[in-house]
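Naming convention: chains lettered A, B, ... in sequence-line order (proteins, then strands); numbering from 1 in each chain. Note that the structure is a prediction, hence the values are computed from the model and not measured.
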Number of protein chains: 2
Amino acid sequence: MKSVNLKELALQLNLSISTVSKALNDSYEITPETKRRVQELADALHYQPNPYARSLRKQKSKTIAVIIPEIANNFFTLAINGIESIARQHGYHVLIYLTHEDYQKEVEITQLLQNGRVDGVLMSLSSNNNENEHLYDLHKKMLPLVFFDRVFEDLEAAKVTTDDYESGYKATAHLIEQGCRRIAHLAIPKDLSIGKKRMQGYMQALNDHQIPVQEDLIIACTDNQQMNYAFIRELMERKDRPDGIFASVEKLAINTYQACAELHIPIPEEVKVISFANLETAAFLNPSLTTITQPAFEIGKQAASILFEAIKMKNIKNHYSILKSVLIKRKSTGC
Amino acid sequence: MKSVNLKELALQLNLSISTVSKALNDSYEITPETKRRVQELADALHYQPNPYARSLRKQKSKTIAVIIPEIANNFFTLAINGIESIARQHGYHVLIYLTHEDYQKEVEITQLLQNGRVDGVLMSLSSNNNENEHLYDLHKKMLPLVFFDRVFEDLEAAKVTTDDYESGYKATAHLIEQGCRRIAHLAIPKDLSIGKKRMQGYMQALNDHQIPVQEDLIIACTDNQQMNYAFIRELMERKDRPDGIFASVEKLAINTYQACAELHIPIPEEVKVISFANLETAAFLNPSLTTITQPAFEIGKQAASILFEAIKMKNIKNHYSILKSVLIKRKSTGC
DNA sequence: CTGTTAGCGCGTTCAC
DNA sequence: GTGAACGCGCTAACAG
């Protein structure tokens with residue numbers, strides 16, 4: 001507990017506290033010889049400046065916050081990976097907060113960060129997002145803020161996403177090329193930016209191929225996996241069930257596989273599936289699964305880089321970066 | 001940036017700073033009426049105490065650190081989930097650090113935490129762990145420290161794990177009951193506590209069933225997935241290939257499935273696989289996969305709870321909690 | 001019941 | 001080139 005501080009060093013060196021401080025900060029007004037003496041003792045005693053005293057004095061915390069809806073999600077874990085690596089590079093620390101898709105928690109968390117605890121915030125929105133006053137509050141505090149993946153379009157802030165509209169379009173077009181005509185979309189909430197865009201891509205692709213959009217083929221999924229599963233199973237039990245499925249997140253693809261297995265519907269012979277998926281696992285679900293892989297790690301890195309730039313420049317950025325996803329077709333290796 | 005502070009409140013209320021402070025901290029020596037007035041203005045101005053000033057004064061940071069080897073790993077994401085929920089419950093903040101299985105990074109990170117930045121540390125060790133001086137250093141600082149999953153046995157500290165020995169034993173015994181006689185073990189490094197214990201369980205089960213241990217059926221895997229895959233493929237290409245596989249982590253099971261698919265070896269007809277796995281995904285890899293599911297969320301919660309107890313009591317605990325894993329057998333639903 | 005004072009550890013004037 | 005003094009914002013001890 002009793003850690004060495006400047007006072008302790010000053011005492012042992014017969015110097016004043018401020019001299020020691022300057023020496024350690026390599027001030028030009030200190031003799032090289034003195035610097036050496038100070039540095040030597042500091043090393044010997046393993047001196048480390050108290051981060052909170054320093055933060056108080058410099059009004060800088062060397063800490064950023066990452067707010068995400070959930071963590072048991074490959075996209076977010078990869079993104080955190082990227083964020084952490086950039087943060088470490090800048091000598092920054094990373095606080096993590098989970099909203100569990102709960103709007104109330106999201107509000108609470110943003111309020112925790114209004115008091116200078118962090119120098120900047122990286123954020124991916126939860127669904128159930130009706131009001132957004134808490135985001136405007138953050139913005140008013142002039143706290144650098146970068147959205148990634150699930151962004152809030154209305155706010156002047158930096159945003160980093162993947163090409164969700166384009167991916168949704170390509171995914172749907174791919175199924176159409178495969179001969180599918182009754183393509184279902186397992187959709188995530190429309191109040192999420194990514195949900196909306198993926199849906200728009202889906203719709204546009206159908207339109208461009210003169211296939212009418214059927215409302216009953218669009219399944220509005222939520223974070224309740226059991227309900228999702230029930231909906232999907234119901235969908236596959238219909239007489240006029242879809243011949244193609246565009247799943248907007250990996251979990252929904254997994255649910256689909258399970259439902260089809262239980263109903264003895266062979267994939268991909270009778271139903272073709274394409275899904276967003278970011279780690280190898282999905283590829284092994286069924287070697288025939290076509291996946292759309294997002295550059296999650298890159299997104300994390302880029303979002304963090306933009307944040308640090310904003311912190312350094314003390315201004316709020318208003319970029320909109322869109323990174324490309326990759327559509328990976330796999331050959332079925334049989335069973 | 002300019003945030004309201006006690007001084008500001010005191011000024012507007014014609015009170016002294018300390019009175020305002022006491023009022024907000026609900027001190028018994030302040031009149032209810034004054035408390036109300038203070039609280040009212042504080043609410044109106046959205047006053048929030050500066051966390052760093054408070055930390056400096058109270059020598060408490062309300063922050064803990066979580067150090068883990070990697071995050072793209074279902075066990076750790078679930079554990080973080082548990083940790084975060086308990087931390088929030090205690091009004092604590094969570095800093096996250098990734099070692100990427102790199103010993104040097106682990107040392108650097110532990111050094112970052114020696115200066116009072118955090119009130120306690122939750123840690124799961126990286127492999128390549130030869131020396132452990134950095135852990136003794138942490139311990140000497142009297143910083144509450146709780147290991148989870150990958151623990152360091154030699155240190156007097158709290159440790160929370162699953163029943164890895166028992167799980168390894170049961171997994172192997174299960175394969176033996178299924179008729180397997182040539183059982184391979186895809187092992188993680190022995191310098192990890194969990195690797196050692198799972199291996200011991202494997203060996204003991206073989207011994208108890210009079211099956212000789214064959215060194216060439218024990219594959220020493222690392223965090224290099226490509227090499228792991230090469231080893232596994234080589235294993236399955238042998239004429240006398242194993243009829244059962246005990247994978248010590250989920251990724252190795254996935255590698256096995258891929259190798260078998262490429263070599264046209266049917267699972268589970270010719271090779272039976274059992275693996276540690278903590279999220280639903282693995283179950284859908286192949287419905288026949290038997291999994292050992294660890295209570296990762298519970299481990300995170302329990303580790304965090306013990307840590308907070310230690311922080312509160314200002315003493316170092318020396319528990320050793322072992323939580324039970326669950327072996328889940330699934331029926332093959334065919335293909 | 002309220003105010004004055006001191007100091008947590010550090011960095012930054014400003015004298016000397 | 002060095003040191004004394006102040007303040008970042010807050011809490012705690014002591015007066016009154």
| N/O (side chain, B:N50) to phosphate O (OP1/OP2, D:dG9) under 4.0 Å | no

| request: Calculate the interatomic distance between B:Y28 atom OH and D:dA13 atom C1'; express it in whole Å. | output: 11 Å

| field | Interatomic distance where CG belongs to A:L56 and P belongs to D:dC6 [whole Å] | value | 18 Å

| field | Quiz item: A:K7 side-chain donor-acceptor pair to C:dG7 base, under 3.5 Å | value | no

| task | For A:E153, look at atom CD and say whether over 12 heavy atoms of other residues, nucleotides or ligands are found less than 6.0 Å away. | result | yes

| task | Using atom CG of A:N115 as one end and atom P of D:dG9 as the other, report the distance to the nearest whole Å. | result | 13 Å

| task | Indicate, with a heavy-atom threshold strictly under 4.0 Å, whether A:S55 touches base, sugar-phosphate, or nothing. | result | nothing

| task | Between C:dC10, D:dG3, C:dT2, spot the one nearest the side chain of A:S16, thanks. | result | D:dG3

| said: I need the A:E84 CD to A:Y92 OH distance, nearest 0.5 Å. | reply: 15.0 Å

| query | Hey, does A:S18 reach any base, or is it just sugar-phosphate, or nothing, if we go heavy atoms under 4.0 Å? | reply | base

| task | Tell me which of B:A53 and B:E29 sits closer to the 5' end of DNA chain D, going by the nucleotide each one is nearest to. | result | B:A53

| query | So what does B:Y47 touch, heavy atoms closer than 4.0 Å: a base, only the sugar-phosphate, or nothing? | reply | sugar-phosphate

| request: Between B:K22 and B:P49, name the one whose nearest nucleotide on DNA chain D is closer to the 5' end. | output: B:P49

| Within this structure, what is the CD-to-C1' distance between B:E8 and D:dC8, rounded to whole angstrom? | 16 Å

| said: It should be established whether B:N5 places a side-chain nitrogen or oxygen under 4.0 Å from OP1 or OP2 of nucleotide D:dC8. | reply: no

| query | What distance separates A:T161 OG1 from A:Q302 CD, expressed to the nearest 0.5 Å? | reply | 10.0 Å

| said: Can you confirm whether more than 12 heavy atoms, excluding those of B:E29, are under 6.0 Å from its CD atom? | reply: yes

| query | Taking only N and O in the side chain of A:Q59, is any of them less than 4.0 Å away from OP1 or OP2 of D:dG9? | reply | yes

| task | To the nearest Å, give me how far apart CD1 (A:I17) and P (D:dC6) are. | result | 14 Å

| said: In whole Å, I'd like the distance from the CZ atom of B:R57 to the C1' atom of C:dC10. | reply: 16 Å

| request: For A:L15, answer base if it contacts any base atom (sugar-phosphate contacts may also be present), sugar-phosphate if it contacts only those atoms, and nothing otherwise; contact means non-hydrogen atoms under 4.0 Å. | output: sugar-phosphate

| message | Under 4.0 Å, heavy atoms only, any strand: does A:R54 hit a base, just the sugar-phosphate, or nothing? | response | sugar-phosphate

| How long is the line joining CG of B:L9 and P of D:dT11, in whole Å? | 12 Å

| message | For A:F152 and A:H134, I'd like to know if the aromatic rings sit close, meaning centre-to-centre distance below 6.0 Å. | response | no

| task | Round to a whole Å and report the spacing from CG of B:N14 to C1' of C:dG3. | result | 13 Å

| query | Base, sugar-phosphate alone, or nothing: which one does A:S21 contact when heavy atoms must sit under 4.0 Å apart? | reply | base

| note | Taken to the nearest 0.5 Å, the spacing of A:L78 CG from A:I299 CD1 works out to 10.5 Å

| field | 5'-most by nearest nucleotide on DNA chain C - B:I30 or B:K58 | value | B:I30

